Structure formats: structure tokens, C-alpha cells
Amino acid sequence: AQSVTQLDSQVPVFEEAPVELRCNYSSSVSVYLFWYVQYPNQGLQLLLKYLSGSTLVKGINGFEAEFNKSQTSFHLRKPSVHISDTAEYFCAVRSNDYKLSFGAGTTVTVRA
Amino acid sequence: NAGVMQNPRHLVRRRGQEARLRCSPMKGHSHVYWYRQLPEEGLKFMVYLQKENIIDESGMPKERFSAEFPKEGPSILRIQQVVRGDSAAYFCASSQTGGETQYFGPGTRLLVL
């Protein structure tokens, strides 16, 4: 099974500043990568996914992520955050089956 | 197109009671997955079902937990004789096929007193 490491458990950031959330996974022949966001007391919403093709993936709400196979990373970025981006963010990985393996999550708190 | 539906959203049970969690997949989706999120942790896979079939239950505790996805109606995750350690958020996801992107419901937050 894949293991997923989200290197930062808490990320405080000021409004309109950039943010990067780091995600590393254990190596595998081929992987599919996902970022989900969870707003307080809500379910998980898909932000973006990498299945194949271009290593730079654009998602909803201005987020993007870059797949780096040599570093087994899939870091999430946003150039300018809003208060409404305050949430928990989960990186997830799937190999050639159906099970998603999740990281422990990164809580982003955006301050005015 | 309605998303994945789960009910109840919140469930409180006393130790020893049964908890029954329901999940209706997105329209057109016939694959359902259950995940559990313990406090301060990421989601952990529990079980994968298709209509009338359990495909993989490797993440389910060996006792007290069961899941089904009948031909008609929602998928049900059943926890018998709940204990305090069962307190968690239980999320259901669905996909069109087994290898497709999984879309998640809002979760059921179970609290065992």
C-alpha cells in the first residue's frame, strides 16, 4: 500500500499571500494523485487530480499542483489565498487499484 | 446531478447499541467505498462494494462491522455493539467504475457515549 506524507500539519498564512502545501508519497510504478479540501464539518471536495499527461495540474479555486516523479512529490500551490480558503487539505494517492491512501492532512488558516 | 448523499449527518449512540450509516452514490455510479476518519488523522479505507457484491473489505475491523450495497437502495455500513473507539467520521465515496475518480459525501459523524 502507498504511504502519503504531508510535511506540514498546520500552515498559517495571511490573506493574499501565496501558500504551498507539501505532499510526498512512497514510490510505485504508476500512481494517480489527488488533492481534496475539507471545509469545517463538511465532506471532501476534489480540488484537482493528476492521472497522466502534463505534470502541472490546475484545479478549482485557483489551486494548482505539480507532479514530480523523481522526487515522488505532488505539492499544492495557490499564488494568493482568500479567507475562504481556510480548511483542511488532504493529499491522496492511488496505485493500480481503487484504494485511496490519504495523508494526515494540512490545516490552512488564512488571516486578514 | 445530486452528489453523494449520506445520512444521518450526525449520530449519537451509547456503548453497546447499533449504528447504521447510509450512503446513496451519485447518479450513474455503481461503485461505493467507505472510509473512516479518526480524530487528527487522514481517511483510512474500509471497504469497497459494487451492487450486491463486496469487492474488498480488507480495511474493515474483523468484528462488529459489516457493509452491504443491495440491488435497490443505499449502501449501509453497520456497526454492532459500538464502543467509544468507533467515534469517528465515516465517509462514503462513489465512482462510475473501479478505477475512476472517487467523489465523497458529507460524512456521518458518529459519537459513542
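Computed from heavy atoms alone, side chains included, the values below leave out hydrogens, waters and symmetry copies. Numbers restart at 1 for each chain; the letters A, B, ... are given by sequence-line order, proteins then strands. A quick note: this is a predicted structure, and the numbers were derived from the prediction, not measured.
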- A:Lys99 versus B:Ser58, side-chain donor and acceptor atoms under 3.5 Å: yes
- For A:Lys49, is it the side chain, the backbone, both, or neither that has a heavy atom closer than 4.5 Å to a heavy atom of chain B?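 Answer is side chain: those atoms of A:Lys49 sit under 4.5 Å from chain B.
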- Below 4.5 Å from any heavy atom of chain B, which atoms of A:Leu46 appear? Answer side chain, backbone, both or neither.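 For A:Leu46, the side chain is the part near chain B, not the backbone.
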- Under a 4.5 Å heavy-atom cut-off, does chain A meet the side chain of B:Thr97, its backbone, both or neither? neither
- Heavy-atom distances under 4.5 Å only: say whether B:Gln6 touches chain A with side chain, backbone, both or neither.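 Neither part.
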- Message: Count I, L, V, M, F, W, Y as connected when their side-chain heavy atoms are under 4.5 Å apart, and connections chain through other members. Are B:Phe69 and B:Trp34 then in the same cluster?
- Response: yes
- Are B:Tyr33 and B:Leu110 co-members of a hydrophobic cluster defined by side-chain heavy atoms under 4.5 Å apart?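 No, separate clusters.
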- Task: For chain B, find which of A:Glu88, A:Gln45, A:Gln42 contributes the most heavy-atom pairs closer than 4.5 angstrom.
- Result: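 Most heavy-atom pairs within the cutoff with chain B belong to A:Gln42.
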- When only pairs under 4.5 Å are counted, which of A:Gly105, A:Ala104, A:Ala92 shares the most heavy-atom pairs with chain B?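 Among the listed options, the one with the most contacts to chain B is A:Ala104.
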- Task: For the residue pair B:His29 and B:Tyr103, categorise the inter-ring angle as parallel (less than 30°), tilted (30 to 60°) or perpendicular (more than 60°).
- Result: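 Ring orientation, 0 to 90° scale: tilted.
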- Query: Roughly how far apart are A:Tyr36 OH and A:Gln38 CD, rounded to 0.5 Å?
  - Reply: 12.5 Å
